[in-house]
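Residue numbers start from 1 in every chain, and the chains themselves are labelled A, B, ... in the order their sequence lines are given, proteins ahead of strands. Only heavy atoms go into these numbers, but all of them, side chains included; no hydrogens, no water, no symmetry mates. Just so you know, these numbers come straight off a predicted model, no measurement behind them.
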Amino acid sequence: MVESSLQTGYVKHAPGFVENEGPKLITSRFKHADSFTLDKYLSTGGYEGLKSSLNRSPGQVHDEVREASLLGRGGAGFPAGIKWGFPPEGVWPRYLVVNGDESEIGTYKDRLLMERDPHQLIEGVLIACYALGLSQAFLYVRGEMALAQERIALALDEAYEAGYIGKNILDTKFSVDVVMHWGAGAYIVGEETALIESLEGKRGMPRLKPPYFPAAIGLYGKPTIVNNVETLSNLPWILNNGASAYKGFGSESSPGTRMFAISGHVKRPGVYEVEHGVTTFRELFYGDNFCRGIRDDNELKMFIPGGGSAPWFFQEQLDLPLEASAVGAAGSMLGSGAMVVMDETTDAVKACLSVVRFFARESCGKCSPCREGTTWEEKILQRILDGDGRPSDIDLLLDIGDNISPGPYPAAAFSDEGLDAVPFPPSQTTICPLGPSSVAPIVSAIRRFRNEFDSLITRRDPIPLSLEVEKVVT
Amino acid sequence: MTDITSAETAVSITVDGKKVTAKPGELLIDACERNGTYIPRFCHHSRMQPVGMCRMCLVEIDTGRGPALQPSCMIECSNEMVVDTQSKKTIKAQEGVLEFLLINHPLDCPICDKGGECPLQDQTMAFGPGESRFIEEKRTYRKPIPVNENVFLDRERCVLCDRCTRFADQVAGDSLIHFIDRGNKTQVNTYPDQPFSSYFSGNTVQICPVGALTAAPFRFKARPWDLTEVESTSTFDSVGNRISVQESRDRVLRFTGVDSDSVNWGWLTDKERFIFEAYSNENRLSGPLTTNEVAEGSQKHAVATSWSEAYEKFVKAINETTPERIAVIGGSRLTNEAQYIWSKIAKGIIGTDNVDAQLDDGFSPEVLLSLNPSTIDKTCKPGGVIILLGADPKEELGALYLRLRHAILQDQCKLIELTPTKTGLSQLATHSIRVPPGKTLEAVKALSGEPSELEDDILKELTKVQKIIKNNDSISVLLGRTSLAETSSIVEEGAIKLQEYLPKASFLPLLRRGNINGAIDMGLSPGLLPGRCDLEEGSDKLQNYWPTCPTHKGFKTKEMFEAATDGQIDVLILLAADPIMDFPDSQLVQEALDRIETVIAVDIFATDSVLQADIVLAAATATEIEGSFTNLEGRISPIRKSVTPPGTARPDWMIALDLVQYLVPNLGPSTFKELCEEISLVSGIHKDFDFSKVEQIDKEGVVLNRGKNKTQTSLIKIPKQKANSFRLVVTRSMYDKGVLSAHSSALKGLAPGSRIKANPKDMEKLGITSDSTVRLIGLKGEIQTRLTPDPETTRGTIHALWNQDGPDIRKLIDSSLPVNDLKIEKI
């Protein structure tokens, strides 16, 4: 499999990356067709960060990362340097697990990082292992990402052969093994405890925290650091250029750059590396350097700011900076950096159903509220779209949501309607946030576009003249 | 559960405004329940690890950061925790979860077996929202699918609580059922073409909180509210599991396990659970039988008779001969009370000491009585070392196996196996050492640092074991028979040596047969009198109650049969014993029975041995009598009557009391109460125990304080194995041709069949394959069979299962030999 792409020439890059102006910390090699090879990597400054790390003590490397305030890129935005300090003292062995199970709706940035610059990720893994004193790392790649798996496998082979991984790396006492593992295609495995279960060979279902904070009790019951692909890909640059240079990009609370994946009704969708915390949504969607406006110059109706689990934003929120805390306070999340833009032609109910259906199908089946609730929501939405809605269904939808995620659900503010923002995150009756995620589109859509639901529900004559027999059969 | 923790370690929490004390590390749901606040739950089960799956037990918990909804089954109590189980949020969440669970649950309660005892039903009434808002189509699946021979799964009803799957994985270690698919289509199922073949599958039915799992023997038999239940003890094996016997219209319909902290934790093996079917089988003996005086030809012909006639015949047979020509075999199925009175009849009235409850498949009582006693809890003490000297607990004492498994996996116990064959626990053992058959003593010698003739690689492993033993002060030994084709002395000597080496070690005898421990306590063993004393020390106490008492030690079972073949036995009384089936040397039994003049059998079925009896007294069985049971720890627990026996069959103690009157008119005891009093008066170990109030004992039972005798046995010489011979190892499996299994529709057909195994290297050397027929030649007989290659079988041995269909392995066993070595000839 590894050889096939070499023999037939380079496999065409998966589309998605857009080259634009601006600082490129982690996507600098994306423009080269052979960016994934060791030769190219070495000729563009590859493995220098590792060498620079090995010249320092692990503590110094850890300090450098802590100093850079590198925020986790998986969605929660927790500082990586602090997370690394969590494993309880004296408990060994410990593991590093790379979460490459990127499957949030609209997210495809990690996939590009794995496909186009696998060595950068591997170098990041090695730096993290060195800083934490680990000798075993696992790379968990999403099941569907065949090209990423192929290229990581190739890169691992090359790196092992060249002595970057394995025993006595670069003739030091530092030894690490990196194992790649791929999933069977479950969204929930992006949740770190479910990923660990899957890695252990079990069914991918989240564990309850506490006690299973991976940093304390993780893979095989040992302390485990789970980091996102993008987070680790930042490490070579930081170690090469230093924390202060890194902090020269982005805002004070969110240094560096971030990759955002924009899809939907914009003129130039794709993945952009953007300075963290400085750019606004408006600039991203309309700026010439970025997406260049909405298709057909339509009006923006709504957008999902950070993956399918995020409550929707609207025109009012366009000027928010791309920064986790600001977006969180406004009632949504920046999450994994996946944005879906929808223009005025979009049917809000259909869009809502589309997202809810995703969560209903991806529910792992563990917690009753999520397993039963998400499918129930999907069925009601489908029924409303089919014209069989009842006026009580809207309240029912909201109450089902309340039973999955009690209390007011995070939502954006509508100044003209006098509605305040409910800040993220939501509360939950489930173990993981998958169930509550299905509530996001429902609350967002109903709060803003109740009229669309109402018109679907009251569209039909109050007394149906004939029964639709086929529908009963299905 | 009632002990309040000591003040230093106790945790104080507030539940609904009330301050209560919790144990440190106790789960909140358990602490609340112990203090009178029931939090609804489906997935939580106190004998399994929490999973937090159903979300039913959500309550508002405040640990200082404000109240938040959290699952109480996953949260350990911490100091100053404030819990509100009645808050608006809690109630809304619980109602919400119940509504979710019910939207796809079929409302077929009127035809569901669980209806009436269904936690989903009950908790819906107590905690549910009252009505459903679900108008969509419900999820449907094919109605019940069998997950194995006895358990059916109705996936529509399943609420996916993970109890059965966790049980299979965590408790039984047979993770053959699992979730498949995901989201709303998640379902429990088996792997394709792999049934849930676990010895413990019935427990999943018991712990299922809805009607998703049902057991074939109970399906559609009764509604739970029509059942009358009594708490009793399973007499099937010597663990003495606590059970609930449930009956409707005078027919036992179900056994369920009762959670006894010190014994079975609520678990039962399928064999114990479904064995009740045999009790109500129509082939039960329903009245006394005798052989027709005018026998046609040489065939004995049994005819029904009256009890008085049967008794008179019994007395006549006894009176026509002398005490030393009378023998009594069996008695382990009987209650303690019946055992005592039979012991009195045999030893105190007839005056014979040829009494043995064991059929040469156990241990000599002298050895057992000289070992430090143990209990299951002591054996499973966290962090301790368990040495297995024989028998496979998984095959022979299933509930004990589950306790051992838990001790090893959860409580850091270390298991050391010194057995000739692999057992169900081998995978979990710290050291699983294959000691060649007959070499147990050598292995123990090596352990204690003495020279030993074992091979080097075994010695090397034993050195590692030595270290483990030295560093641990809690050492328990499980003492079972390594093989039925060898003398019990082999393991006995090992045990005695082990006790010398480790004076603090305690021993749990794995005698398998029902109430065998009670039988030994009551004196149904040669040389013993009630209270475990020998003939000399015991006779004083008995003077006032027993007209006579034997002075010389009598025969063991094997010796009785040997004596019988020499014409020295005239009357043989079989107390629910089937030696033709159960005694290792079947030819010896047949020869003996042919020569004995009168065979008297007290039994519940017409077994092969009963068919040869001249007088048959039909007995009642465990669900039909009141009495008590002594398990392998010496724990006494009650056996309770649930239904009436078939026909005129009577409890064993009643038969025995009648016979006392026939043999010595006006000799006591004459009532059950007098019988109970007499036991306490004559038996030292039972002197503080009131048998007439046995039904008041709680589910934990009472452990007898049994002293220790100082008796040893003489060393036996094990012959060296000749080159090119194969030592026969015969072990039991859970399911065999036993008479009870054969009469239970759920259990018959589960026996694995004869599998005679040999090491493939040995087979290669002899030039035989699994297709070639060979002759196995023992000293007494031979069989023709095929051999199954099995790399786990020790080289130089042949491993066979006891009592299975196929070639009769007993033909190869000569019980006069300490070990049985075979020759293999290719045909």
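Looking at heavy atoms from C-beta onward, B:Arg139 lies in side-chain contact with A:Glu372 at the 4.5 angstrom threshold. Between A:Ile431 and B:Met74, every side-chain heavy-atom pair lies at or beyond the 4.5 Å cut-off. At least one side-chain heavy atom of A:Trp376 sits under 4.5 Å from a side-chain heavy atom of B:Glu99. Here the side chains of B:Glu136 and A:Thr375 are not in contact, with every heavy-atom distance at 4.5 Å or above. B:Thr186 has its side chain within reach of A:Arg203: a pair of non-hydrogen atoms, C-beta onward, lies under 4.5 Å apart.
Here the straight-line distance linking atom CD1 of A:Ile400 with atom CD1 of B:Ile103 works out to 7.0 Å at 0.5 Å rounding. Atoms CG and CZ, from B:Asn184 and A:Arg371 in turn, are 8.0 Å apart once rounded to the nearest 0.5 Å. Taken from CG in B:Leu58 to CG in A:Asn403, the straight-line distance is 10.5 Å, to the nearest 0.5 Å. Atoms CZ and SG, from B:Arg55 and A:Cys367 in turn, are 4.5 Å apart once rounded to the nearest 0.5 Å. With values rounded to the nearest 0.5 angstrom, B:Leu102 atom CG is found 10.5 Å from A:Ser368 atom OG. Here the straight-line distance linking atom CZ of B:Arg133 with atom CG of A:Asp393 works out to 11.0 Å at 0.5 Å rounding.
Heavy atoms closer than 4.5 Å to chain B are found in the side chain of A:Arg383, but not in its backbone. In this structure, no portion of B:Asp162 lies under 4.5 Å from any heavy atom of chain A. Within the 4.5 angstrom heavy-atom criterion, only side-chain atoms of B:Pro71, from C-beta onward, approach chain A. In this structure, chain A has a heavy atom under 4.5 Å from the backbone of B:Ile180, while its side chain stays farther away. B:Phe42 does not touch chain A: none of its heavy atoms, backbone or side chain, sits under 4.5 Å away. Residue A:Pro369 touches chain B through both its backbone and its side chain, counting heavy-atom pairs closer than 4.5 Å.
More than 12 heavy-atom neighbours from other residues, nucleotides or ligands sit within 6.0 angstrom of NZ on B:Lys143. In this structure, B:Lys114 places its NZ atom where more than 12 heavy-atom neighbours from other residues, nucleotides or ligands lie under 6.0 Å away. Within 6.0 Å of NZ in B:Lys185 there are 12 or fewer heavy atoms belonging to other residues, nucleotides or ligands.
Judged by distance alone, the side chain of A:Lys379 and the main-chain N or O of B:Glu137 form a donor-acceptor pair under 3.5 Å. Proximity of a side-chain donor or acceptor of B:Arg182 to a complementary backbone N or O of A:Glu362 within less than 3.5 Å is not detected.
Listed options A:Ile188, A:Thr374, A:Asp399 were ranked by heavy-atom pairs under 4.5 angstrom with chain B; first place goes to A:Asp399.
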